[in-house]
Amino acid sequence: MRRGILIAAMVISWSGQCPCLLAQQQSALADPVRKLQADLEERDRIIQNLVQRVATLEKEVQALKVNEATGGAENATAATTTPQPADTRTVRPAPTEEYDKEERLARAALDRALISRGSLLLPPGTLELDNGASYFNASSDQLYVNGFTVYPVLVVGDIVSQRTQRDALLYSLTTRLGLPHDLQLDVRVPYGYQLERTVTADNNATSRRFLGLGDVEVGLTKQLRRGRGLGPDLLAGFRWKSTTGPDPYQPTSTEASLGTGFQSLQASLTAVKPSDPLVFFGNLSYTANLSSTKKIQSSDPTNPNSLTTGYVNPGDTIGFQMGAALSVNPVASLNLALDQRFTRSTSLNGKSLPGTYLTNAVLQVGTTYIYSQGRSVDLAVGIGLSRGAPDFQLSVDFPFRFSLDSLAR
């Protein structure tokens with residue numbers, strides 16, 4: 001009897017504790033479920049935020065494309081006033097200005113090389129002073145008859161052979177200024193030394209030298225198109241060359257000259273196509289060398305030292321350039337270019353002068369290195385590929401760039 005009562009009491013006691021145990025187990029299982037649900041809600045909120053931002057960026061890009069195609073300002077205003085998502089705590093995309101700044105820093109050396117070649121413009125309000133020094137070496141052999149010919153195979157007189165050697169060391173200061181509306185102004189002032197030595201076959205040597213100012217040049221470049229997709233960037237340039245250097249058309253002068261004696265006007269079109277890490281560029285130019293009246297040596301055999309007035313029309317020049325620049329790292333770049341020019345024959349008093357048609361082809365290899373902020377060094381070596389080009393040329397430039405806004409502050 002007592003045993004039955006004890007068993008009944010134990011059953012009643014256990015049945016009373018069972019709901020408490022079940023409640024504790026259910027509570028223990030509910031905590032992970034709640035945490036998992038919270039994580040899922042947070043993930044959904046992040047995904048929703050990303051979807052909203054992608055949709056907003058697509059609207060802004062579409063609005064910018066429409067604005068560029070039509071030139072209107074309403075689309076740009078609508079794109080800039082598009083509402084942004086309120087929840088920005090989880091995902092924060094990098095601002096466009098900061099991204100552009102980092103991209104410019106990564107391509108700093110490459111941009112320097114393109115600017116020096118006229119394939120890229122300075123930002124508005126930026127001034128660059130480019131101090132450069134170039135050495136040129138050229139030589140030519142001439143063969144002429146000091147007498148006359150009776151028949152094509154019979155020469156009466158002396159056949160004279162002479163070799164002319166020219167060395168020039170040219171310093172130039174080029175100032176570039178970035179202007180609003182995608183414009184750039186540049187002014188180049190050359191100053192240097194030139195030595196010309198002539199040696200005949202009988203070892204008679206003569207020399208002429210010159211130290212002074214060359215022809216000052218002024219240029220203006222306009223960005224016509226910014227390449228997007230498959231199209232390249234397009235730049236148009238206009239350049240005027242003065243006659244500040246001494247006139248070389250002085251037969252009695254014993255000095256060489258760094259000037260040409262003729263003004264010229266040049267129009268050019270440049271195309272630039274980036275293909276990371278390379279940038280391809282090409283240039284097509286036409287130079288009109290303006291004619292002028294000059295004092296030339298008379299053809300009177302009785303008075304060979306006399307001078308007469310002649311109307312000299314130098315030939316116009318058609319040129320093209322093509323090459324590529326390679327970004328090695330943010331502070332160094334390499335570039336390679338072929339520069340080809342064709343100059344028509346010079347005419348005197350309406351008659352073309354034989355032997356004055358020139359073909360100038362130069363292969364240039366260069367590098368740019370940024371050694372401090374706003375300062376860099378450009379080194380270029382040129383090898384002449386035609387008889388009308390210098391045999392060898394070496395150029396070193398030290399551009400220094402700064403912002404005019406920083407000077408104002």
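Because the structure is predicted, anything quoted here is derived from the model rather than measured.
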Practice task
Side-chain contact test, heavy atoms from C-beta onward, threshold under 4.5 Å: evaluate it for Val189 versus Tyr191 and give yes or no.
Solution key: no
Practice task
Mind checking the OG-CD spacing from Ser207 to Glu196? Nearest 0.5 Å is all I need.
Solution key: 9.5 Å
Handout entry: Gap separating the CD1 atom of Ile370 from the CZ atom of Arg401, nearest 0.5 angstrom
Key = 8.0 Å
Practice task
Indicate whether the side chain of Ser333 and that of Ser327 have a donor and an acceptor atom separated by less than 3.5 Å.
Solution key: no
Problem - Under 3.5 Å: donor-acceptor pair, side chain of Gln184, backbone of Leu122 - result: yes
Problem - Main-chain N/O of Tyr311 paired with Asn349 side-chain donor or acceptor, under 3.5 Å - result: yes
When the side chains of residues 258-268 are checked against the rest of the protein, which donor-acceptor pairs come out under 3.5 Å, sequence neighbours left out?
unit_1, atom_1, unit_2, atom_2, d
Thr260, OG1, Asp215, OD2, 3.3
Thr260, OG1, Lys241, NZ, 2.8
Thr260, OG1, Phe262, N, 3.4
Thr260, OG1, Phe262, O, 3.2
Gln263, OE1, Trp240, NE1, 3.0
Gln266, NE2, Thr287, OG1, 3.0

Practice task
For the residue pair Arg112 and Ser376, confirm or rule out a side-chain donor-acceptor distance under 3.5 Å.
Solution key: yes
Practice task
Applying salt bridge (Lys or Arg N to Asp or Glu O under 4.0 Å), name anything that partners Arg197, two or more places apart in sequence or on another chain.
Solution key: Asp167
Fill in the blank from the handout: Contacts of Ala288 meeting side-chain contact (heavy atoms from CB on, under 4.5 Å) (sequence neighbours excluded), chain-then-number -> Tyr286, Asp316
Problem - Non-neighbouring partners of Phe136 that pass ring-ring contact (aromatic ring centres under 6.0 Å, His included), sequence neighbours left out - result: none
Handout entry: Results of side-chain contact (heavy atoms from CB on, under 4.5 Å) for Gln48 - residues two or more places apart only
Key = Gln52
Practice task
State, yes or no, whether a side-chain contact exists between Leu394 and Leu379 at a heavy-atom distance under 4.5 Å.
Solution key: yes
Completion exercise
Those residues at least two apart in sequence (or on a different chain) that pass side-chain contact (heavy atoms from CB on, under 4.5 Å) with Leu334 are Val328, Thr367
Got a list of side-chain donor-acceptor pairs under 3.5 Å for residues 351-366, not counting sequence neighbours?
unit_1, atom_1, unit_2, atom_2, d
Thr356, OG1, Thr346, N, 2.9
Thr356, OG1, Leu353, O, 2.6
Gln364, OE1, Arg117, NH1, 3.2
Gln364, OE1, Arg117, NH2, 3.4

Fill in the blank from the handout: ring pair (Phe, Tyr, Trp, His ring centres under 6.0 Å) pairs touching residues 376-401, sequence neighbours excluded, are Phe400-Phe402
Fill in the blank from the handout: Contacts of Asp130 meeting salt bridge (Lys or Arg N to Asp or Glu O under 4.0 Å) (sequence neighbours excluded), chain-then-number -> Arg176
Handout entry: ring-ring contact (aromatic ring centres under 6.0 Å, His included) involving Tyr171 - partner list, sequence neighbours excluded
Key = none
Handout entry: Pair listing, salt bridge (charged side-chain N to carboxylate O under 4.0 Å, His left out) test, anchored in residues 259-275, at least two apart
Key = none
Exercise for the section: Scan residues 177-186 for pairs that pass salt bridge (charged side-chain N to carboxylate O under 4.0 Å, His left out), counting only residues two or more places apart or in two chains. Expected result: Asp182-Arg226, Asp186-Arg239
Practice task
For residues Leu269 and Leu224, determine if any side-chain heavy atom of one lies less than 4.5 Å from a side-chain heavy atom of the other.
Solution key: yes
